[in-house]
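Have a look at the structure below, then the notes.
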Amino acid sequence: MATCSEQARFAVRYGLPTESALAAITRTPARLLGLEHRLGTIEAGRDADLLALDGDPFELTTAVRWVLVDGIMYAKGN
């Protein structure tokens, strides 16, 4: 079974706008889980969970540069 991000990558490849695909794996799940007050968008007062990539999030060759969880940064090798 494909992951949510794999499904979004497939949808982008076949014409879904990138912004819509990003919403489908960020804002929409947060709203469906009733967590939109904490998760799904980057805003002051929200949980500080972020992912930095070195390219297009829907390309297979893109790699994770660092991850921020609860305000703590994790980089490759840490």
Side-chain angles (χ1 to χ4, degrees):
M1 175 171 263
T3 66
C4 191
S5 61
E6 289 169 334
Q7 290 292 334
R9 182 183 313 117
F10 182 79
V12 167
R13 185 180 318 143
Y14 287 94
L16 184 69
T18 301
E19 296 80 15
S20 297
L22 286 171
I25 60 175
T26 57
R27 288 193 306 258
T28 301
R31 182 178 48 79
L32 292 172
L33 294 170
L35 298 172
E36 65 271 18
H37 62 285
R38 291 182 33 214
L39 305 172
T41 60
I42 301 170
E43 296 179 50
R46 303 262 178 142
D47 288 4
D49 299 338
L50 300 170
L51 176 70
L53 305 171
D54 68 359
D56 183 329
F58 301 113
E59 290 294 327
L60 289 174
T61 57
T62 297
V64 174
R65 296 187 71 194
W66 52 263
V67 177
L68 190 70
V69 179
D70 292 329
I72 300 171
M73 183 181 287
Y74 300 90
K76 190 173 182 178
N78 287 1

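The shortest non-hydrogen separation linking I25 to C4 is CG2-SG, 3.3 Å. The minimum heavy-atom distance between D49 and D70, with the atom names listed, is OD1-N, 2.8 Å. Taking each heavy atom of F58 and A8 in turn, the nearest pair found is CE2-CB, 3.5 Å. A23 and P29 make their closest contact through O-CD, 3.9 Å (heavy atoms, listed as atom of the first residue, atom of the second, distance). R46 approaches E36 most closely through the heavy-atom pair NH1-O, 2.5 Å.
To the nearest 0.5 Å, the span separating CD1 on I42 from CG on L50 amounts to 5.0 Å. From D47, atom CG reaches atom OG1 of T41 across 10.5 Å, with rounding to the nearest 0.5 Å. Note that CG of L53 is 11.5 Å distant from CD of E59, once rounded to the nearest 0.5 Å.
Put simply, L22 and L16 are part of two different groups of oily side chains (I, L, V, M, F, W, Y) that touch within less than 4.5 Å, one to the next. There is a path of hydrophobic side-chain contacts, each under 4.5 Å, that joins L51 to I72.
Under the 3.5 Å distance criterion, the side-chain polar atoms of D54 are matched with a main-chain donor or acceptor of A63.
Residue-environment remark: CZ (R13) exceeds the threshold of 12 foreign heavy atoms within 6.0 Å.
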